[in-house]
A.B. asks: 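Once you've had a glance at the structure underneath, I'll fire off some questions.
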Amino acid sequence: MSLIPEIKPQQSLELLKELHILTRDGKINQDTRRKLKQVYHLYQFIEPLMADVLDKKGAMTLADHGAGKSYLGFILYDLFLKGKAAGHVYGVETRQELVDKSRELADRLGFDRMGFLNLTVEQSITSTELPEQVDVITALHACNTATDDAIRFALAKNAQYIVLVPCCQAEVASALRQKKNETFGKTPLSELWRHPIHTREFGSQLTNVLRCLQLEARGYQLTVTELVGWEHSMKNELIIAKKTGKGKNSARERQLAILNELNLMDLRERFAY
């Protein structure tokens with residue numbers, strides 16, 4: 001049992017030390033306490049999704065795109081899957097050195113149902129190192145188009161749940177800037193992004209709106225909320241998508257109407273596939 005009240009009783013203290021959340025002598029400082037609180041907060045959203053899949057199928061696969069040091073994957077495995085008979089967590093990351101470190105840590109801790117892959121999104125969609133279907137996809141603070149790449153992977157893998165915390169988003173804002181003069185004569189809505197700071201903010205919000213419509217068009221039910229307690233409060237949006245069945249044509253129609261109205265049809269292939 002941990003002497004630090006914030007730490008869950010089933011949590012491996014050795015893992016927290018390896019992740020540098022705890023010091024070697026088992027202490028925790030304010031910065032690492034905040035980091036732990038953030039990961040635990042996200043865990044409470046993802047754990048019920050994993051439990052639902054495991055209950056229905058008797059097995060469960062989760063892939064974390066842009067896994068970095070795989071903080072999330074290790075915590076999910078340690079708190080939820082470690083005591084279960086089935087279930088696998090994959091960390092997908094393009095930096096080989098981080099993949100190697102995660103593999104070494106999993107080996108040391110005996111987390112034998114964790115895998116770490118040095119793959120791009122394109123590679124991960126067709127890689128034989130990943131199963132044909134992946135039940136839960138996570139992508140946290142994936143910058144710019146990396147969140148869209150994770151969505152493409154999730155759709156290709158017929159994911160039952162998708163959990164996204166988007167980060168900085170430059171592509172739509174750039175497209176808005178490039179066609180600003182042309183769009184002024186097309187719609188008065190262009191006033192929403194006439195000033196540079198508004199371009200950035202509006203582009204960010206619009207990106208996530210288009211992503212949500214994309215998922216609804218492909219048969220997902222959306223919950224969009226704040227990830228309260230996350231360090232970057234301005235990049236605090238949490239999108240949880242649940243596969244429910246047939247896609248909504250109305251969502252696709254609205255998505256295309258928005259792209260047309262805002263003179264962004266050049267991005268159709270990004271958001272309306």
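If you read the sequence from its start, that first residue is 1, and numbering goes on from there.
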A.B. asks: Only counting residues at least two apart or in another chain, list the ones meeting side-chain contact (heavy atoms from CB on, under 4.5 Å) with L238.
C.D. replies: L42, F45, V163, V165, T225, L227, I240
A.B. asks: Considering all heavy atoms of both residues, which atom of G68 and which atom of S102 are nearest to each other, and what is their separation?
C.D. replies: O-OG, 4.3 Å
A.B. asks: Kindly indicate whether the side chain of N158, heavy atoms from C-beta on, has any atom under 4.5 Å from the side chain of Q160.
C.D. replies: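 They are in side-chain contact.
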A.B. asks: Can a salt bridge be assigned to the pair R152 and E122 using a cut-off of 4.0 Å between side-chain N and carboxylate O?
C.D. replies: yes
A.B. asks: How far does OH of Y71 sit from CG of L16, to the nearest 0.5 angstrom?
C.D. replies: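 With rounding to 0.5 Å, OH (Y71) is 10.5 Å from CG (L16).
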A.B. asks: Is the count of non-hydrogen atoms from other residues, nucleotides or ligands lying under 6.0 Å from K69 atom NZ greater than 12?
C.D. replies: no
A.B. asks: Using modelled atom types only, decide if a donor and an acceptor are shared between the side chain of T61 and the backbone of H88 within a distance under 3.5 Å.
C.D. replies: no
A.B. asks: Just how far is it from atom OG1 of T138 to atom CE of M50, taken to the nearest 0.5 Å?
C.D. replies: 9.5 Å
A.B. asks: If only atom types and distance count, is the side chain of T244 paired as donor or acceptor with the main-chain N or O of Y220 below 3.5 Å?
C.D. replies: no
A.B. asks: In Å, rounded to the nearest 0.5 Å, how long is the span from CD of E171 to CG of D148?
C.D. replies: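 Going from CD on E171 over to CG on D148, the span is 6.5 Å.
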A.B. asks: Quick one, I7 and L22 - any side-chain contact, counting heavy atoms below 4.5 Å?
C.D. replies: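 Yes. Closest side-chain heavy atoms under 4.5 Å.
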A.B. asks: Does any non-hydrogen side-chain atom of S12 lie less than 4.5 Å from one of F74?
C.D. replies: no
A.B. asks: Given side chain to side chain contact (heavy atoms under 4.5 Å, CB included), test Y90 with V134 step by step and report yes or no.
C.D. replies: CA-CA 10 Å; Y90 296 92; V134 179; 5.7 Å; no
A.B. asks: Flag the pair L62 / L49 as yes when at least one side-chain heavy-atom distance between them is below 4.5 Å, and no otherwise.
C.D. replies: no
A.B. asks: Testing the 3.5 Å rule here: is there a donor-acceptor pair between the side chains of Q11 and Y40?
C.D. replies: yes
A.B. asks: Do the non-hydrogen side-chain atoms of F116 and E93 ever get within less than 4.5 Å of each other?
C.D. replies: no
A.B. asks: Between the side chain of T207 and the main-chain N/O of G203, is any donor-acceptor distance below 3.5 Å?
C.D. replies: yes
A.B. asks: Under 3.5 Å, which donor-acceptor pairs link side chains of residues 252-266 to any protein atom two or more places apart or in another chain?
C.D. replies:
from: R252; atom 1: NH1; to: Q214; atom 2: OE1; distance (Å): 3.0
from: R252; atom 1: NH1; to: Q255; atom 2: OE1; distance (Å): 2.8
from: R252; atom 1: NH2; to: Y273; atom 2: O; distance (Å): 3.0
from: Q255; atom 1: NE2; to: L210; atom 2: O; distance (Å): 3.0
from: Q255; atom 1: NE2; to: F271; atom 2: O; distance (Å): 2.5
from: E261; atom 1: OE2; to: T187; atom 2: OG1; distance (Å): 3.1
from: N263; atom 1: ND2; to: E182; atom 2: OE2; distance (Å): 3.1
from: N263; atom 1: ND2; to: T183; atom 2: OG1; distance (Å): 3.2
from: D266; atom 1: OD2; to: K179; atom 2: NZ; distance (Å): 3.0

A.B. asks: Quick check: are there more than 12 heavy atoms from other residues, nucleotides or ligands sitting under 6.0 Å from CZ of R108?
C.D. replies: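 It does: R108 CZ has more than 12 such atoms within range.
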A.B. asks: For E97, look at atom CD and say whether over 12 heavy atoms of other residues, nucleotides or ligands are found less than 6.0 Å away.
C.D. replies: yes
A.B. asks: Salt bridge or not for K17 and D25, using N-O below 4.0 Å?
C.D. replies: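 No, this pair does not count.
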A.B. asks: Distance check, rounded to the nearest 0.5 Å: N208 atom CG versus I239 atom CD1?
C.D. replies: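 N208 CG to I239 CD1: 4.5 Å, rounded to 0.5 Å.
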A.B. asks: Going by heavy atoms in the side chains, are E18 and E14 under 4.5 Å from each other?
C.D. replies: yes
A.B. asks: Using a 3.5 Å distance criterion without hydrogens, assess whether the side chain of R113 forms a donor-acceptor pair with backbone atoms of A86.
C.D. replies: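 It does hold such a pair.
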A.B. asks: Please give me the minimum heavy-atom distance between A154 and I137, naming the atom from each residue.
C.D. replies: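 Heavy atoms of A154 and I137 come nearest at CB-CG1, 3.6 Å.
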A.B. asks: Taking atom CG of L109 and atom CD of E104, what is their separation to the nearest 0.5 Å?
C.D. replies: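 Going from CG on L109 over to CD on E104, the span is 12.0 Å.
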A.B. asks: Same cluster or not: are L54 and M114 linked, directly or through other Ile, Leu, Val, Met, Phe, Trp or Tyr residues, by side-chain heavy atoms under 4.5 angstrom apart?
C.D. replies: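 Shared cluster, yes.
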A.B. asks: So does R211 pair up with E216, basic N to acidic O under 4.0 Å?
C.D. replies: no
A.B. asks: Measure across A175 and L267 and return the closest heavy-atom pair with its distance rounded to 0.1 Å.
C.D. replies: CB-CD1, 4.0 Å
A.B. asks: Can you tell me if K101 has over 12 outside heavy atoms packed within less than 6.0 Å of its NZ?
C.D. replies: no
A.B. asks: Can you tell if the side chain of L119 reaches within under 4.5 Å of the side chain of E129, non-hydrogen atoms only?
C.D. replies: yes
A.B. asks: Can L98 be reached from F111 by stepping across I, L, V, M, F, W or Y side chains whose heavy atoms are under 4.5 Å apart?
C.D. replies: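 No, no single cluster joins them.
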A.B. asks: Can you give me the closest heavy-atom contact between G91 and S70, atom names plus distance?
C.D. replies: CA-OG, 4.5 Å
A.B. asks: Quick one, S124 and L117 - any side-chain contact, counting heavy atoms below 4.5 Å?
C.D. replies: no
A.B. asks: Hydrophobic clusters here meaning ILVMFWY residues chained together by side-chain heavy-atom distances under 4.5 Å, can you tell me if F184 and F202 are in one?
C.D. replies: no
A.B. asks: What do you reckon, is CD of Q44 surrounded by more than 12 foreign heavy atoms closer than 6.0 Å?
C.D. replies: yes
A.B. asks: Can you tell whether the side chains of D52 and K56 come within less than 4.0 Å, N to carboxylate O?
C.D. replies: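 Looking at D52 and K56, the cut-off is met.
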A.B. asks: To the nearest 0.5 Å, what is the distance between OG on S127 and CG on N118?
C.D. replies: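 The OG atom of S127 sits 10.5 Å away from the CG atom of N118.
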A.B. asks: Any idea how H65 and F153 line up, ring-wise: parallel (<30°), tilted (30 to 60°), or perpendicular (>60°)?
C.D. replies: perpendicular
A.B. asks: Should the heavy atoms of other residues, nucleotides or ligands under 6.0 Å from CD of Q205 be counted, would the total exceed 12?
C.D. replies: no
A.B. asks: Is it the case that the side chain of K157 and the backbone of P131 share a donor-acceptor pair, with hydrogens and angles ignored and the cut-off at 3.5 Å?
C.D. replies: yes
A.B. asks: Using 4.0 Å as the upper bound for N to carboxylate O, is an ion pair formed by R194 and E191?
C.D. replies: yes
A.B. asks: Any idea which heavy atoms bring A241 and L215 closest together, and the distance?
C.D. replies: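 Of all heavy-atom pairs spanning A241 and L215, the closest is CB-CD1, 4.0 Å.
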A.B. asks: Mind running side chain to side chain contact (heavy atoms under 4.5 Å, CB included) on Y161 and D135 for me, showing each step along the way?
C.D. replies: CA-CA 6 Å; Y161 292 101; D135 301 300; over 6 Å; no
